[in-house]
S.K.: 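Below is one structure. I have some questions about it.
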Amino acid sequence: MAEIRAEMVANVWKILVAEGDPVEAGDTVVILESMKMEIPVLAEDGGVIAKLQVTEGDVIQEGDLIAVIE
């Protein structure tokens, strides 16, 4: 199991996966927006998206859980 966490305060701009989707290491899971910059958040491990903790438009804080990969 791997957790994907936010590295900064940002808005969740776009979610590119759904629960149950397979992902490979390096796949973009969500795109965050901060200070008019788009920041892709990548899966560090391959697996299946077990849980998505965010929705588009959410404001997340540094350390917040974005998704869990199993």
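Being a predicted model, the structure only gives us computed values, none of them experimental.
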S.K.: side-chain contact (heavy atoms from CB on, under 4.5 Å) for N11 and D58? Distances and angles first, verdict last.
M.R.: CA-CA 6 Å; N11 295 315; D58 283 357; over 6 Å; no
S.K.: Can you list the steps and then say if I60 with V54 is a side-chain contact (heavy atoms from CB on, under 4.5 Å)?
M.R.: CA-CA 8 Å; I60 56 175; V54 297; 3.9 Å; yes
S.K.: Compare all side-chain heavy atoms of I49 with those of V23 and state whether any distance is below 4.5 angstrom.
M.R.: yes
S.K.: Quick check: does any side chain N or O of R5 sit under 3.5 Å from a backbone N or O of G63, one acting as donor and the other as acceptor?
M.R.: yes
S.K.: Do you know the tightest heavy-atom contact between L42 and G26?
M.R.: CD2-O, 3.6 Å
S.K.: Tell me whether I31 is reachable from V17 by hopping between hydrophobic residues (I, L, V, M, F, W, Y) whose side-chain heavy atoms are closer than 4.5 Å.
M.R.: no
S.K.: Mind listing the closest non-hydrogen atom pair of A67 and L52 along with its distance?
M.R.: CB-CD2, 3.9 Å
S.K.: Is the CD atom of E19 crowded by more than 12 outside heavy atoms at less than 6.0 Å?
M.R.: yes
S.K.: What is the distance from atom CG of L32 to atom CE of M37, rounded to the nearest 0.5 Å?
M.R.: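 Between L32 CG and M37 CE, I get 11.0 Å after rounding to 0.5 Å.
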S.K.: Looking at every heavy atom in both T28 and P40, which two are closest together, and how far apart are they?
M.R.: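 Nearest pair, atom of T28 first, then P40: CG2-CB, 3.9 Å.
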S.K.: Measuring from atom CD1 of I69 to atom CD of E44, what distance do you get when rounded to the nearest 0.5 angstrom?
M.R.: 8.5 Å
S.K.: Are M1 and L65 connected into the same hydrophobic cluster when the rule is that any two of I, L, V, M, F, W, Y join if their side-chain heavy atoms are below 4.5 Å apart?
M.R.: yes
S.K.: Is there a donor-acceptor pair under 3.5 Å between the side chain of E33 and the backbone N or O of E38?
M.R.: no
S.K.: In terms of hydrophobic clusters joined by side-chain contacts under 4.5 Å, are W13 and I39 together?
M.R.: no
S.K.: Hey, quick one: are I15 and V9 part of the same hydrophobic cluster, counting side-chain heavy atoms closer than 4.5 Å, chains of contacts allowed?
M.R.: no
S.K.: V12 and V68: same hydrophobic cluster, using ILVMFWY side-chain contacts below 4.5 Å?
M.R.: no
S.K.: So, the side chain of E62 versus the backbone of A6: is there a donor-acceptor pair under 3.5 Å, distance only?
M.R.: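 The answer is no, because no donor-acceptor pair under 3.5 Å joins these two groups.
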